[in-house]
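Got a structure here, written out as structure tokens. Questions coming.
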Amino acid sequence: MSSLNDYVYRCMKNGHYWTFWELQDVIKQNTGKFYGEPTISASIRALRWEQNRTKYGLPTEGEVVERKRCQGRKGYQYRLVLS
């Protein structure tokens, strides 16, 4: 059984930028489960935890989640820093 952290990681492991809404849509399409923005935000933050860095093979030091403001609209985009 997969957790939301697993779903978020699977989406973000491609290194592209994602908004909460894009993650929300892809996860709903693939699992049939709807998660709100605060829950997705918490899972993105959880990718920084030591146990998740180890589980997903992320760098053990430094920032693993990069954030930038969306151009021309509200919100942010997030991406995993894989190296």
Side-chain angles (χ1 to χ4, degrees):
M1 175 144 205
S2 295
S3 69
L4 179 57
N5 292 347
D6 294 332
Y7 299 141
V8 168
Y9 169 73
R10 286 182 200 149
C11 290
M12 295 184 72
K13 72 180 181 179
N14 65 11
H16 297 137
Y17 280 96
W18 293 80
T19 65
F20 293 147
W21 306 285
E22 290 166 338
L23 289 167
Q24 196 174 54
D25 288 343
V26 169
I27 291 167
K28 180 148 178 23
Q29 288 172 14
N30 288 295
T31 67
K33 298 177 184 178
F34 177 83
Y35 296 95
E37 290 91 353
T39 308
I40 291 172
S41 177
S43 284
I44 291 172
R45 287 191 310 275
L47 294 174
R48 296 177 171 123
W49 299 349
E50 183 179 338
Q51 71 263 23
N52 287 331
R53 287 176 185 238
T54 301
K55 178 180 181 178
Y56 301 122
L58 298 172
T60 56
E61 295 183 7
E63 186 55 75
V64 294
V65 178
E66 187 175 276
R67 178 181 89 156
K68 73 175 184 177
R69 185 169 276 294
C70 295
Q71 288 192 299
R73 60 184 182 156
K74 71 178 197 171
Y76 290 90
Q77 295 177 307
Y78 302 85
R79 77 175 187 97
L80 278 181
V81 178
L82 301 171
S83 59

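Given the structure is predicted, the values throughout are model-derived calculations rather than measurements. Starting from 1, each residue takes its place in the sequence as its number.
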Using modelled atom types only, decide if a donor and an acceptor are shared between the side chain of Y7 and the backbone of Q24 within a distance under 3.5 Å.
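No; zero donor-acceptor contacts below 3.5 Å.
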
If you define the side chain from C-beta out and look only at heavy atoms, does anything of Y9 sit under 4.5 Å from K55?
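When only atoms from C-beta onward are counted, K55 and Y9 do not touch, as no gap falls below 4.5 Å.
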
In this structure, would L47 and Y76 fall into the same cluster of hydrophobic residues linked by side-chain contacts under 4.5 Å?
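Yes, one cluster joins them.
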
Reported CZ-to-OG1 distance for the pair R10 and T31, which is rounded to 0.5 angstrom:
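Between R10 CZ and T31 OG1, I get 10.0 Å after rounding to 0.5 Å.
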
Taking side chain as C-beta onward, heavy atoms only, is Y35 less than 4.5 Å from L23?
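Answer no - side chains too far apart.
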
Heavy-atom closest contact (E22 atom, Y17 atom, distance)
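The pair with the smallest heavy-atom distance is OE1-O, 3.9 Å.
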
Tell me whether E63 at atom CD has more than 12 heavy atoms from other residues, nucleotides or ligands lying less than 6.0 Å away.
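Atom CD in E63 is crowded, with more than 12 foreign heavy atoms closer than 6.0 Å.
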
Specify the closest pair of heavy atoms between Y56 and S3, including all atoms of both residues, with the distance to one decimal.
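What the structure gives for the nearest pair is OH-OG, 4.5 Å.
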
Which value, rounded to the nearest 0.5 Å, describes the distance between D25 atom CG and N30 atom CG?
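Separation between the atoms: 11.0 Å.
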
Honestly, is R67 close enough over Y78, meaning NZ or CZ under 6.0 Å from the six-membered ring centre and within 45° of the axis?
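Because its charged atom misses either the 6.0 Å distance or the 45° angle limit, R67 does not stack over Y78.
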
Min side-chain heavy-atom separation L58-N52 under 4.5 Å:
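No - every pair of side-chain heavy atoms lies 4.5 Å or more apart.
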
Student check: side-chain heavy atoms of S43 and I40 closer than 4.5 Å
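They are not in side-chain contact.
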
R73 versus Q77, closest heavy-atom pair with distance
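Of all heavy-atom pairs spanning R73 and Q77, the closest is NH2-NE2, 4.5 Å.
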
Do you know the tightest heavy-atom contact between V64 and R53?
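Smallest heavy-atom distance, with atoms named: CG1-NH1, 3.5 Å.
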
State the CZ-CD1 distance between F20 and I27, to the nearest 0.5 angstrom.
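Going from the CZ atom of F20 to the CD1 atom of I27 covers 11.5 Å.
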
With a 4.5 Å cut-off on side-chain heavy atoms, are V81 and V65 touching?
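In short, these two side chains do not touch, never coming nearer than 4.5 Å.
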
Ignoring hydrogens and angles, tell me if any N or O in the side chain of S41 forms a donor-acceptor pair with the backbone of E37 under 3.5 Å.
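Answer holds: no.
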
Decide whether L82 and M12 are clustered together by the hydrophobic rule: side chain heavy atoms of Ile, Leu, Val, Met, Phe, Trp, Tyr closer than 4.5 Å, transitively.
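Yes, L82 connects to M12 through the hydrophobic network.
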
